[in-house]
Amino acid sequence: MASDFFEQVWAIVKLIPPGRVTTYGAIAKALGSPAASRSVGYAMNACDKSLPAHRVVNRNGRLTGKVHFNPPSSMAERLALEGIIVINDEIQHFKNHFWDPGKEWQSM
DNA sequence: CTGATGACGTGTG
DNA sequence: ACACACGCCATCA
């Protein structure tokens with residue numbers, strides 16, 4: 001049984017539409033704790049494989065957590081399949097693919 | 001309860 | 001622009 005915080009994070013990540021990406025900070029902010037970005041990443045560490053964690057990157061648009069994937073290269077592969085260009089573990093036009101969780105979260 | 005860790009973010013030099 | 005340091009929040013030992 002995971003903590004409510006984890007479930008909150010997972011819920012938002014599951015809501016990320018295909019072809020879109022978001023940041024840990026944005027998720028943390030949507031949960032009401034803009035500085036809990038670290039904890040968001042921790043939740044990802046315990047995330048289920050059904051969770052599209054590959055759509056969650058840091059504020060740089062960089063795939064910092066790709067090493068936690070299986071295999072790590074699958075992260076960029078999945079993003080590429082969704083139309084997101086990833087070069088050198090960096091999302092191109094990141095701002096264009098950015099998806100704001102708060103826009104859909106709306107005090108859920 | 002205290003200390004350490006981390007898939008982050010921001011500030012300073 | 002790059003490198004380093006601190007803070008932030010939640011979890012683990």
Side-chain angles (χ1 to χ4, degrees):
Chain A
M1 185 60 185
S3 300
D4 295 335
F5 186 85
F6 278 29
E7 294 185 18
Q8 288 281 90
V9 175
W10 299 344
I12 292 181
V13 175
K14 288 178 184 174
L15 289 176
I16 301 176
R20 299 282 189 215
V21 288
T22 187
T23 68
Y24 301 95
I27 296 174
K29 190 172 186 177
L31 294 177
S33 301
S37 49
R38 305 190 79 97
S39 304
V40 173
Y42 208 91
M44 299 281 87
N45 190 11
C47 78
D48 195 271
K49 60 183 180 184
S50 304
L51 205 79
H54 58 274
R55 296 181 188 148
V56 185
V57 296
N58 66 343
R59 72 131 187 136
N60 250 334
R62 193 134 189 262
L63 313 185
T64 55
K66 75 163 213 164
V67 294
H68 294 263
F69 275 74
N70 173 43
S73 50
S74 64
M75 187 170 189
E77 290 286 304
R78 284 186 176 184
L79 290 171
L81 289 174
E82 297 190 355
I84 300 177
I85 305 172
V86 179
I87 300 177
N88 195 5
D89 299 340
E90 283 185 28
I91 297 179
Q92 307 303 305
H93 307 289
F94 168 67
K95 190 176 180 181
N96 191 30
H97 293 296
F98 181 76
W99 175 79
D100 190 347
K103 191 173 184 176
E104 298 290 322
W105 196 235
Q106 295 177 359
S107 313
M108 178 169 164

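Throughout, a chain's letter reflects where its sequence line sits, starting with A, and its residues are numbered from 1. Computed over heavy atoms, backbone and side chain alike; hydrogens, waters and symmetry mates excluded.
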Working to the nearest 0.5 Å, report the span between NE2 of H93(A) and CD1 of I85(A). 5.0 Å

Just the atom pairs and distances: protein N or O near nucleotides 9-11 of chain B's N or O, under 3.5 Å.
unit_1 : atom_1 : unit_2 : atom_2 : d
dG9(B) : OP1    : R59(A) : N      : 3.0
dG9(B) : OP2    : R59(A) : N      : 2.7

Would you mind classifying the nucleic acid contact of A35(A) as base, sugar-phosphate or nothing, using non-hydrogen atoms under 4.0 angstrom? base

Side-chain (W10(A)) to main-chain (A43(A)) donor-acceptor, under 3.5 angstrom: yes

Closest non-hydrogen atom pair between I87(A) and Q92(A), with its separation: CB-NE2, 3.7 Å

Could you pull out the closest heavy-atom pair between R59(A) and T23(A), with the gap in Å? CA-CG2, 3.8 Å

M44(A) CE to dA7(B) C1', straight-line distance once rounded to whole Å: 8 Å

Contact boundaries on DNA chain C for chain A, cut-off under 4.0 Å to non-hydrogen atoms: dG7(C) to dC12(C)

Hey, which of these two, Y42(A) or A36(A), hits DNA chain C nearer its 5' end, going by closest nucleotide? A36(A)

Once you apply a heavy-atom cut-off of 4.0 Å, does A46(A) come out as touching a base, just sugar-phosphate, or nothing? nothing

Under 4.0 Å, counting only non-hydrogen atoms across every strand here, what does F69(A) touch: a base, just sugar-phosphate, or nothing? base

Applying side chain to side chain donor-acceptor pair (under 3.5 Å) to D48(A) and not counting sequence neighbours gives S50(A)

Once the angle between the rings of H54(A) and F69(A) is folded into 0 to 90°, is it parallel (under 30°), tilted (30 to 60°) or perpendicular (over 60°)? perpendicular

Work out which heavy atom in I27(A) is nearest to a heavy atom in P101(A); give both atom names and the distance. N-CG, 3.9 Å

Shortest non-hydrogen contact from N58(A) toward Y24(A): N-CE1, 3.4 Å

Sort out the partner of dA1(C) for me: Watson-Crick or G-U wobble, both distances under 3.5 Å, none otherwise. none

